[in-house]
There are 2 protein chains.
Amino acid sequence: MTPYYEENTKHYIAVDCIIFGFDEGELKILLHKRNFEPEKGKWSLIGGFLQDNESIDFAARRILQQYSGLSNLFMEQLYTFGEVERDPGERVISVTFYALIRIEEYNNQLKRETSAQWWPISRKPTLIFDHDKMVVKALERLKIRAKNQPIGFELLPRKFSVPRLQSLYEAIYQRNLDKRNFRKKILSMNLLQKLEEKDKGVSKKGAFLYQFDKRKYSKLVEKGFHFEL
Amino acid sequence: MTPYYEENTKHYIAVDCIIFGFDEGELKILLHKRNFEPEKGKWSLIGGFLQDNESIDFAARRILQQYSGLSNLFMEQLYTFGEVERDPGERVISVTFYALIRIEEYNNQLKRETSAQWWPISRKPTLIFDHDKMVVKALERLKIRAKNQPIGFELLPRKFSVPRLQSLYEAIYQRNLDKRNFRKKILSMNLLQKLEEKDKGVSKKGAFLYQFDKRKYSKLVEKGFHFEL
DNA sequence: ACAGAAAAGCGTATATCCTACACTTAACCC
DNA sequence: GGGTTAAGTGTAGGATATACGCTTTTCTGT
C-alpha cells in the first residue's frame, strides 16, 4: 500500500458494448432489457462491471462472450464516458467498445443470455443514461474504420457476393454506391478470392461468392498497402 | 445505495495527458519527473487522479491548467489503458488525453508547476509504466486529426507564415512536402487571412503572416465542407 | 556599394483517381 | 418460350494530386 494513492477516491468502472450486426440490408445492434434498478426494464447496451483481476479488454471479451455466445469477435475500444451524473444510481465510469458479429453465427449459437434482441439502428428504442450518445459515437467510428480498414468482412458470412458487400457499405455510409465503381475498386485490390459457388438466395441468376484473403492483406500491409473503400 | 452496484469493486482512475508543442521545427512533448513512489524521479507524462465530484473531462482540464498555466487548450480524449499490472504501485486505470499548446504562450505564462520540461519527440527519455505506448497512440491520432481537421493552428502562434505551417505539417507527418503544392492547397481553402505584416525571424526576405479564420471555417463546415491537408 | 547567401513566392504539364452512365446476360418462374 | 430479376461489364470526362526550377527580396559581410 502506497500512501499517495490512498489520498484519492476509487470509482466503479463499467464496460459497455455496442454490438453491430448486418442483416436484411440493415445495420442492427444488440440490446437488452436492464434487469436492476434504476431504469430496470428499459433498453440498454450490453455491459457489465470491471472486476479486480481482469484488464479492460478482458472484461469486454467476457461480456461479449456472455451475451453473444461467441469469442474472438472483432472489437475495438471506443471512448470513455465519465460525466459525474451519467448513471443516477451511483457514479460509474463507462469504457465503451464496439464489436462486429456475423449475425448468422450468432443465430446458430445457443448458449447465451436470452434477453438480448437485435434492433435495426434506424428503429431502435431510446436507451438509458447516455447510451444513445455511445451508439452515435460507435456509428461514427464504424464509418471511418470501414472506409480505411477491411473490417466490413466481420459483419458478413465468410462467403459473400460483391452485391452483398456493397449493400453492407451502403448501410454503413447511408448512401447508395455505383455498382460498377464499387466492384472495380474492391476487386482491383486483389483481396477477394473468387469461389466456384454462387449465392442463389437473392437473384435467379445468382452471384458468385468471394472470400476475404486475410493472409494476402497482411502481406500487402507490410509492404505499405493501405486499404480504402 | 443500490445493492447491485456494491457487488462490484472500485478502482483508481488516473488522467494522463500527452501535451504537444511545436518549436524549432520539431514536435515536442511536456514531461515531468514523478515525485512519488514507485518510479519516483523517472520521467512521466503529466497526470493526476480523478476526483469524486469532477467529470473526466474536467479532471483533464484541471491537470492541464495546473501544469501549463493555460486554460482552454485544445484537448481530446485518446484511449483508456486498463491492464491489471500497468502501474506496479496499485491497480490504476488511466484515461489519456492529448492536448496542443502554443509554446510561446506557455513560455509567457509564469504561474505553473515548474518541474515540467519540453522534450523533442525524437529524443525524449523512456517513460514510466505504459506511458511510451500512450505517446505512440497520441502521435498516431495527431497525424490523423491534423490531416482532417484544422487543429495544427493550435500549435502555432496566432499569426504564422505559410512556410511555418508547412514545417509543422512536415514534423507531424514525418516527411517533406512540396512548398508550391502545400501553399496552393492551404490557400485554396480560403481559411487563411493574409496580414500586412511579415515574419522576419527566419529569412531575410521575410514571409507574410496569416491568421486562421475560425468563423469562416465553421460556416463552411455547416455547408458540408471537409478540411483535408 | 557590391556580391553572396538564404528563404519566399510563383505556374504548368502529366498522371492518377473518381464519377457518371446503360445495356447484356443468366437463371428461374409461370 | 416470354417475362422477371438481379448480376455483371467498359469507357469517357472531370477533378485532384504530383512533380518540377527559376526569380525575388533583403540582409550580411567585405
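Letters A, B, ... are given to chains in the order of the sequence lines, protein chains preceding strands, and every chain is numbered from 1. Note that these values count all heavy atoms, side chains included, but never hydrogens, waters or copies made by symmetry.
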> Yes or no on side chain to side chain contact (heavy atoms under 4.5 Å, CB included) for A/Leu155 and A/Ile103, after CA distance, side-chain angles and deciding distance?
Replying inline: CA-CA 7 Å; A/Leu155 286 165; A/Ile103 279 196; over 6 Å; no
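Set against C/dG9, D/dT9, D/dA19, the side chain of B/Asn181 has D/dA19 as its closest nucleotide. Relative to the side chain of A/Lys205, the nucleotides C/dG9, C/dG11, C/dA26 differ in distance, and C/dA26 lies closest. Closest approach to the B/Ala207 side chain among D/dT18, C/dA8, D/dA7 is made by C/dA8 (side chain taken as heavy atoms from C-beta onward). Closest to the side chain of A/Arg164, from the set C/dC10, D/dA6, D/dA17, is D/dA6. For B/Lys200, counting side-chain heavy atoms from C-beta on, the closest listed nucleotide (D/dC27, C/dA27, D/dC20) is D/dC27.
Side-chain atoms of B/Glu170 and B/Gln166 include a donor-acceptor pair closer than 3.5 Å. There is a side-chain donor-acceptor pair under 3.5 Å between A/Tyr98 and A/Glu76. Side chains of A/Ser94 and A/Asp16: a donor-acceptor N/O pair is present below 3.5 angstrom, by distance only.
B/Lys179 places its NZ atom 14 Å from the P atom of C/dG11, with the value rounded to the nearest Å. For B/Gln166 and C/dA7, the CD to C1' distance is 12 Å, given to the nearest whole Å. Straight-line distance from the CZ atom of A/Arg183 to the C1' atom of C/dC18: 18 Å, rounded to whole Å. Atom CG in B/Leu177 sits roughly 14 Å away from atom C1' in D/dA19 (whole-Å rounding). A/Met189 places its CE atom 13 Å from the C1' atom of C/dC17, with the value rounded to the nearest Å. Here the P atom of nucleotide D/dG10 and the CG atom of A/Asp178 are 14 Å apart, to the nearest Å. Taking atom CZ of A/Phe182 as the reference point, atom P of D/dG10 lies 18 Å away to the nearest angstrom. In this structure, B/Lys185 atom NZ and D/dA19 atom P are separated by 13 Å, rounded to whole Å.
Between B/Gly206 and B/Glu228, the residue anchored closer to the 5' end of DNA chain D is B/Glu228, taking for each the nucleotide with the nearest heavy atom.
No hydrogens or angles were tested; on distance alone, a donor-acceptor pair under 3.5 Å links the side chain of A/Arg180 to the base of C/dA22. The base of C/dA5 does not come close enough to the side chain of B/Lys204 for any donor and acceptor atom to sit less than 3.5 Å apart. Looking at B/Lys184, its side chain has no donor and acceptor atom pair within 3.5 Å of the base of D/dT16.
Residues A/Glu228 and A/Lys185 are not paired through a salt bridge, judged by the lack of any N-O separation under 4.0 Å between the basic side chain and the carboxylate.
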